[in-house]
2 protein chains.
Amino acid sequence: MKSHDIDDLLSALAHAERRRMLDLLMEAPGMGVSALASHFAMSRIAVQKHLRVLERVELVLSRKQGRTRHLFFNPIPIQQIHDRWTTKYSAFWSERVVDIKTRVEAAIRDRKENKSA
Amino acid sequence: MKSHDIDDLLSALAHAERRRMLDLLMEAPGMGVSALASHFAMSRIAVQKHLRVLERVELVLSRKQGRTRHLFFNPIPIQQIHDRWTTKYSAFWSERVVDIKTRVEAAIRDRKENKSA
DNA sequence: TTCATAAGTAACCAATAGGTTACTTATTGC
DNA sequence: GCAATAAGTAACCTATTGGTTACTTATGAA
């Protein structure tokens, strides 16, 4: 997954209403655009724009049958980020951040003392 | 964690250069603002603005000593999202999405057939 | 003490995001 | 066949994002 794709995926997820769309599609897979839009205060067009964002990063997949486009939540992109974070950060999660700070501060103090000694 | 906070956290992370800042602070905790900025093509002011975004969501913590402000990466907010996703989505990650789609499509077909019967 | 450096603030600018209304197209059901 | 409905497109508006340069403040060091 490219850095740019991660940008797009995370910013797609960084919007409460879009996450609520995913929640709704998780509960009721196969809804149409208008059916989904009926759950929101904003216009159908606005919902459609949010959907386009979600579809571009494949968090939402769709299949047209007749005049309605059925929408589906795809959890895989989230899993990809999740897995990446696991490998990258899980080692850090065990440490206490406060400790990192104080340890580094001590190191800075030491550096100074050595310099002036 | 409030929905709005999640918005802020994810959009803070949805920027490749900001993530690179976190990477640099992970490797070299305690850097100052200018030292960090020296790794980027953009101006120091731009870096400072990105830092403000990261600090607001506590992905970066800082402590001022003398004239330099030492910066630290805090992995905890990422862990919080990670944990939330684990509980919310891990059940889905085992299924194949294609199966969800075809199953729902079948359900839609059935509904139609029952109606016309 | 004075010069260099770390950091912050202000004002500005262009591009993008998030929303709207109005209009078009294509199925479906009576 | 025709009215209602599902969806999509276009044009527009405002606020926010991401960047810039110019200026200020405060600390460290020769």
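Convention: sequence-line order gives letters A, B, ...; per-chain numbering from 1.
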Legend entry - Test applied, side-chain contact (heavy atoms from CB on, under 4.5 Å); reference residue, A:Leu25; option that passes from A:Leu54, A:Leu71, A:Leu61, A:Leu59: A:Leu71
Inset, instruction - Run through B:Phe92, B:Trp85, B:Tyr89, B:Trp93 and flag the one making a ring pair (Phe, Tyr, Trp, His ring centres under 6.0 Å) with A:His82. - result: B:Trp93
Legend entry - Nucleotide C:dT25, atom P - distance to CZ of A:Arg69 in whole Å: 19 Å
Legend entry - Salt bridge B:Asp23-A:Lys88, side-chain N to carboxylate O under 4.0 Å: yes
Inset, instruction - State whether B:Ser43 places a side-chain N or O below 4.0 Å from either non-bridging phosphate oxygen (OP1 or OP2) of D:dG19. - result: no
Inset, instruction - Hey, which sits more toward the 5' end of DNA chain C by its nearest nucleotide, A:Ala46 or B:Val33? - result: B:Val33
Inset, instruction - Ignoring hydrogens and angles, state whether a donor on the side chain of A:Ser3 or B:Arg20 is under 3.5 Å from an acceptor on the partner side chain. - result: no
Inset, instruction - Measure the distance from NZ on A:Lys64 to C1' on D:dT5 and round it to the nearest whole Å. - result: 13 Å
Legend entry - Given C:dA7, D:dT9, C:dA6, the nucleotide with the shortest approach to the side chain of B:Arg67: C:dA6
Inset, instruction - Find the distance B:Arg52:CZ to D:dT16:P and express it as a whole number of Å. - result: 15 Å
Legend entry - Integer-rounded Å distance: D:dT25 C1' and B:Ile45 CD1: 13 Å
Inset, instruction - Write down the distance between CG (B:Asp7) and C1' (D:dA15), rounded to a whole number of angstrom. - result: 16 Å
Legend entry - Interatomic distance, B:Gln65 CD vs D:dG28 P [rounded to whole Å]: 10 Å
Inset, instruction - Grab the two heavy atoms, one from B:Gly30 and one from B:His70, that are nearest each other, plus how far apart they are. - result: O-ND1, 2.7 Å
Legend entry - Polar side chain donor-acceptor pair, B:Gln48 to B:Arg44, under 3.5 angstrom: yes
Legend entry - Check: C:dA7 base within 3.5 Å donor-acceptor of B:Arg44 side chain: yes
Inset, instruction - Take the protein atom CD of B:Gln48 and the nucleotide atom C1' of D:dT20, then report the distance between them rounded to whole Å. - result: 14 Å
Inset, instruction - Check the side chains of A:His50 and A:Arg18 for a donor-acceptor pair under 3.5 angstrom, ignoring hydrogens and angles. - result: yes
Inset, instruction - Indicate whether OP1 or OP2 belonging to D:dA7 is found under 4.0 Å from a side-chain N or O atom of A:Ser34. - result: yes
Report each atom pair, protein N/O against N/O of nucleotides 16-18 of chain C, whose distance is under 3.5 angstrom.
{"residue": "C:dG18", "atom": "OP2", "partner": "A:Arg18", "partner atom": "NH1", "Å": "3.3"}

Inset, instruction - Round to a whole Å and report the spacing from CG of A:Leu51 to P of D:dA6. - result: 15 Å
